[in-house]
Number of protein chains: 2
Amino acid sequence: MSVTREKIMELGESLIRTKGYNAFSYQDISTELGIKNAAIHYYFPTKENLGTSILKTNIQRFEEMTDNMQSRGFDEWKQLDSFIKIYVKSHREQKLCIVGSLGPDVYTLGESTKAELFKMTEKIITWLTNLLDSGRAKNIFAFEGEAVNKATTIFSALVGGLQISRISGNTDFKSLYMSIAEDLKP
Amino acid sequence: MSVTREKIMELGESLIRTKGYNAFSYQDISTELGIKNAAIHYYFPTKENLGTSILKTNIQRFEEMTDNMQSRGFDEWKQLDSFIKIYVKSHREQKLCIVGSLGPDVYTLGESTKAELFKMTEKIITWLTNLLDSGRAKNIFAFEGEAVNKATTIFSALVGGLQISRISGNTDFKSLYMSIAEDLKP
DNA sequence: AAATATACTTACTAATAAGTAAGTAACAAA
DNA sequence: TTTGTTACTTACTTATTAGTAAGTATATTT
């Protein structure tokens with residue numbers, strides 16, 4: 001695949017996670033990459049097209065990661081830890097996760113982008129739910145109630161945590177991570 | 001104060017919490033209110049001015065609410081419950097909270113808006129921290145670690161929860177609320 | 001050698017954005 | 001009665017946006 005195309009997607013994702021979908025323009029990308037805005041339209045005819053492509057790549061990356069952890073035989077703690085580390089890294093880079101940055105804009109997105117955003121959210125929560133359930137069955141995790149509720153709470157705290165910590169300059173993100181972990185210890 | 005001015009602020013807040021700050025325009029407001037965009041500029045010379053004013057009002061409302069609960073002698077559970085109910089209401093209205101909707105746009109906001117957003121976030125976390133601390137001292141709440149970390153986690157989960165539940169159509173928000181409450185029971 | 005495909009640029013268009021300057025109608029104050 | 005104030009409208013300007021049509025240089029295929 002084209003290097004320019006990949007650079008556009010990479011920068012596009014970075015801009016979404018930094019400034020937000022409705023605040024970035026093709027000009028932001030073209031200036032940074034030293035190309036013309038029409039070059040971006042060559043690869044991604046519409047902005048919706050670019051947004052959708054970025055989300056599809058993110059879904060793919062997420063699936064590759066979870067498949068990889070599964071095939072390597074990571075236990076539930078290790079898998080949860082690896083997932084949370086994505087957020088620790090985002091926090092270090094002062095970026096939101098893609099779901100958390102597109103979430104508030106959901107009503108302004110085109111249908112295909114909205115569909116991918118929904119799909120990604122669903123995949124994450126389903127994966128987390130299964131992880132929590134299987135961890136509880138093995139007595140590795142302990143928590144009350146349905147796993148899907150715990151999964152939603154954890155995911156919400158991570159998504160919201162990145163936003164809150166970025167507003168207040170830099171709240172200690174490690175403590176959020178510890179708070180989630182502590183909460184699951186038997 | 002002017003009725004038009006109040007309607008502008010009310011609609012402005014609603015638009016921020018629905019479409020996001022960078023997706024709404026003075027046209028959205030003027031069309032809805034049947035006035036011209038210059039009329040909005042008469043009350044709020046710049047968009048930043050409007051955003052800042054909306055945040056200031058929100059801070060004031062928050063302080064009035066907490067003061068009111070204090071003076072009425074609400075216990076810690078009742079206070080936490082009342083706070084969470086704001087989010088339950090937001091969820092019902094399919095709106096985000098103002099912090100969660102402006103959060104992702106923080107790098108695109110003007111200095112004065114950013115300052116108020118920071119102030120509001122800080123006030124909420126400080127209030128929640130004190131509430132959790134005093135509740136724990138009375139053995140009404142039970143949790144490990146520092147109260148400020150628990151406060152941040154709870155606030156993050158609420159802010160993120162509204163976003164996640166709105167993406168996936170309508171995840172049961174009540175369960176998030178229960179999950180937080182369950183977690184604090186001694 | 002001619003035709004085709006790739007990866008762009010040049011040069012626009014149409015729409016929408018925030019913002020402004022000057023005017024006006026209605027009412028109150030001096 | 002004039003003067004000023006409030007609450008707007010009219011009529012713009014300037015900048016930026018997503019998006020497009022047509023052209024071009026380079027490499028690849030036939």
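To find a chain, count down the sequence lines: A is the first, B the second, and so on, and within it residues start at 1.
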Is there a side-chain contact between A:Leu128 and A:Thr152 in this structure, where contact means two heavy atoms from C-beta onward sitting under 4.5 Å apart?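 They are not in contact (no side-chain heavy atoms under 4.5 Å apart), so the answer is no.
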
Test A:Ser90 against every option in A:Arg17, A:Lys95, A:Arg166 by the side chain to side chain donor-acceptor pair (under 3.5 Å) rule and name the one that passes.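 Of the listed options, the one satisfying the test is A:Arg17.
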
Shortest side-chain distance from [X], nucleotide among [options]:
X	options	answer
A:Ala38	C:dT10, C:dG19, D:dG19	C:dT10
A:Asn37	D:dG19, D:dT9, C:dT9	D:dG19
B:His41	C:dA18, D:dT10, C:dC8	C:dA18

Nucleotide C:dA7, atom C1' - distance to CD1 of A:Ile40 in whole Å: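 Atom CD1 in A:Ile40 sits about 14 Å away from atom C1' in C:dA7.
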
Distance in angstrom units between B:Lys36 NZ and C:dG19 C1', rounded: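 Atom NZ in B:Lys36 sits about 17 Å away from atom C1' in C:dG19.
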
Could you identify which residues of residues 2-35 of chain B place a heavy atom less than 4.0 Å from some atom of DNA chain D, listed by residue number, or say none?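 Hits under 4.0 Å, by residue number: B:Thr4, B:Ile35.
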
Under 4.0 angstrom between B:Tyr42 side-chain N/O and C:dG19 OP1 or OP2: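 For C:dG19, OP1/OP2 do not have a side-chain N/O of B:Tyr42 under 4.0 Å.
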
Quick check on D:dT6: is either OP1 or OP2 less than 4.0 Å from any side-chain nitrogen or oxygen of B:Tyr43?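 Negative; the distance criterion is not met.
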
Run the ring-ring contact (aromatic ring centres under 6.0 Å, His included) test against B:Phe143 and tell me which residues pass, sequence neighbours left out.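 Partners of B:Phe143 by the ring-ring contact (aromatic ring centres under 6.0 Å, His included) criterion come out as none, since no residue qualifies.
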
A:Arg136/A:Asp133 under salt bridge (Lys or Arg N to Asp or Glu O under 4.0 Å): CA gap, chis, key distance, verdict: CA-CA 5 Å; A:Arg136 181 160 60 174; A:Asp133 250 336; 3.8 Å; yes

Between B:Asn58 and B:Glu13: side-chain donor-acceptor atoms closer than 3.5 Å: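 The answer is yes; a qualifying pair exists.
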
Any donor-acceptor pair under 3.5 Å linking the side-chain atoms of A:Gln94 with those of A:Thr18?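 No - no donor-acceptor pair under 3.5 Å links their side chains.
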
